[in-house]
Amino acid sequence: MRMRHDDDRLRALMLAGLAGDGAAHAALLRALLTPLRSFFRRRLGGRDDDVEDLVQETLIAVHQRRATYDPARPLGAWVYAIARYKLIDRYRRSGRTTALDDLPELADEFAFDEASDARSDVDRLLDTIPEKQAAVLRATRLEGLSTAEAAERLGIGESDVKVSAHRGLKALAARVKDGWR
Amino acid sequence: MNSEDLIASLSLDIQPVPRHALRRRLGLGLVAGGLVTLAVVGIWLGVRPDLMPAMHGFTFWLKWTYTISLAICATAAASRLARPDGRVGGWLWLMVLPVLGLAVIAGLEMAATPSAGWLAMWLGASWRVCSRNVFLLALPIFVGLLWSYRRLAPTQLALAGATAGMAAGAWGATLYCLHCPETSALFVLTWYTLGMLGAALVGRVLGPRLLRW
């Protein structure tokens with residue numbers, strides 16, 4: 001199981017960091033960047049500055065409050081609880097209270113879980129469109145990378161990323177409309 | 001600052017975190033606040049002169065059993081709520097037991113006393129000040145717990161505040177027993193509990209304001 005595996009790996013980094021290993025601590029924080037970005041991006045809808053702000057606030061909290069991690073529990077749940085708190089705190093400061101009600105059920109989303117049914121549906125759907133478009137969509141929409149990061153990762157230009165994402169989404173929409181399955 | 005730089009600077013000087021850092025932190029706040037409360041009891045209220053003989057009697061230990069068992073439950077709950085993903089579990093519900101137990105004993109006491117004596121039993125000699133004193137004695141401990149929480153990560157702020165207030169109230173009441181000569185279970189059940197609930201209410205109100213991080 002992928003999820004177990006990821007949590008165990010990150011948990012090992014966390015424990016090494018708690019024991020005073022700075023390199024492991026840095027590796028953990030770096031490994032959290034992608035899931036945190038996609039977590040906040042999905043909820044803030046594209047306001048990238050806010051996303052990065054919250055990612056950084058969460059990383060600082062993970063760092064400063066690492067004594068509150070209970071090694072007997074999954075790391076994902078702990079990080080998720082911090083990220084969720086930071087998000088709620090942000091809503092509260094901006095005087096927004098709606099959209100909070102649906103947060104508790106999202107608890108599972110942050111588990112480093114790639115095996116859910118929804119995800120495998122998406123994977124199957126992505127398999128039906130050209131490879132490059134699928135790779136771009138995976139990078140930008142699922143992993144939450146920025147255009148520049150995706151371009152670097154895939155070794156293509158930024159405009160190519162944008163065009164491929166656009167075409168990919170259009171192709172997906174067409175597949176869904178055609179009654180894919 | 002970009003996130004990579006942030007991570008680099010956060011990882012620059014990593015101190016090992018001791019295994020029981022969270023408990024130690026809570027314990028420190030609790031003990032520091034408790035010592036202030038103890039000093040206040042000693043200097044302002046005065047320890048009851050008959051403390052030694054009273055400690056050989058039943059009612060002193062009844063009172064302590066009540067306040068200490070509540071204090072343990074509330075402290076355990078407060079320590080769980082100090083983690084971002086913490087759930088209180090059954091600790092808060094467990095507090096019903098000492099209350100029910102004391103209520104049963106109060107009932108037995110009343111059954112053994114002619115009804116003309118009930119009012120005196122309920123009000124004792126100090127009902128006007130008892131709840132207030134318990135509440136005031138809770139404050140230093142509450143401040144100590146707030147200090148502990150500053151480096152911890154409560155996410156249910158109102159509940160964490162109320163629980164910390166309850167723990168402070170119950171430990172404050174425990175120390176108040178060193179002064180208070182009242183002996184009836186009905187008295188303790190009413191006025192001690194009221195003082196503790198006052199502290200919990202203040203914690204409930206202040207939690208969302210003071211515990212943010």
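For clarity, every value in this text was computed on a predicted model and none was experimentally measured. Each chain gets a letter, A, B and so on, in the order the sequences are listed, and its residues count up from 1.
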Shortest non-hydrogen contact from R66(A) toward Q15(B): NH2-O, 3.0 Å
Heavy-atom contact with chain B under 4.5 Å, split by part of D70(A): both
Could you grab the distance from atom CD of Q56(A) to atom CG of D5(B), nearest 0.5 Å is fine? 9.0 Å
Under 3.5 Å: donor-acceptor pair, side chain of R73(A), backbone of D85(B): yes
Would I60(A) and L10(B) count as a side chain to side chain contact (heavy atoms under 4.5 Å, CB included) if you check the C-alpha gap in whole Å, the side-chain angles of each, and the deciding distance to 0.1 Å? CA-CA 8 Å; I60(A) 291 171; L10(B) 290 179; 4.2 Å; yes
Find the distance between NE2 (H25(A)) and CG (D13(B)) and round it off to the nearest 0.5 Å. 11.0 Å
Roughly how far, to the nearest 0.5 Å, is the CD1 atom of I88(A) from the OG1 atom of T155(B)? 8.0 Å
Honestly, the part of L6(B) sitting under 4.5 Å from a heavy atom of chain A is side chain
Gap separating the CH2 atom of W213(B) from the CD atom of E57(A), nearest 0.5 angstrom: 10.0 Å
Given heavy-atom pairs under 4.5 angstrom as the criterion, report whether the side chain, backbone, both or neither of L28(A) touches chain B. neither
Side chain, backbone, both or neither of R25(B) within contact of chain A (heavy atoms, under 4.5 Å): neither
Work out which heavy atom in A153(B) is nearest to a heavy atom in T68(A); give both atom names and the distance. N-CG2, 3.6 Å
Contact class of P208(B) relative to chain A, heavy atoms under 4.5 angstrom: neither
Taking side chain as everything from C-beta outward and backbone as N, CA, C, O, which of these in A67(A) sits under 4.5 Å from a heavy atom of chain B? Side chain, backbone, both or neither. both
Is chain A contacted by the side chain of E4(B), its backbone, both, or neither, given a heavy-atom distance below 4.5 Å? side chain
R150(B) portion near chain A, given a 4.5 angstrom heavy-atom threshold: backbone
Whatever's closer than 4.5 Å to a heavy atom in chain B on I82(A) counts as both
For H63(A), is it the side chain, the backbone, both or neither that has a heavy atom under 4.5 Å from a heavy atom of chain B? side chain
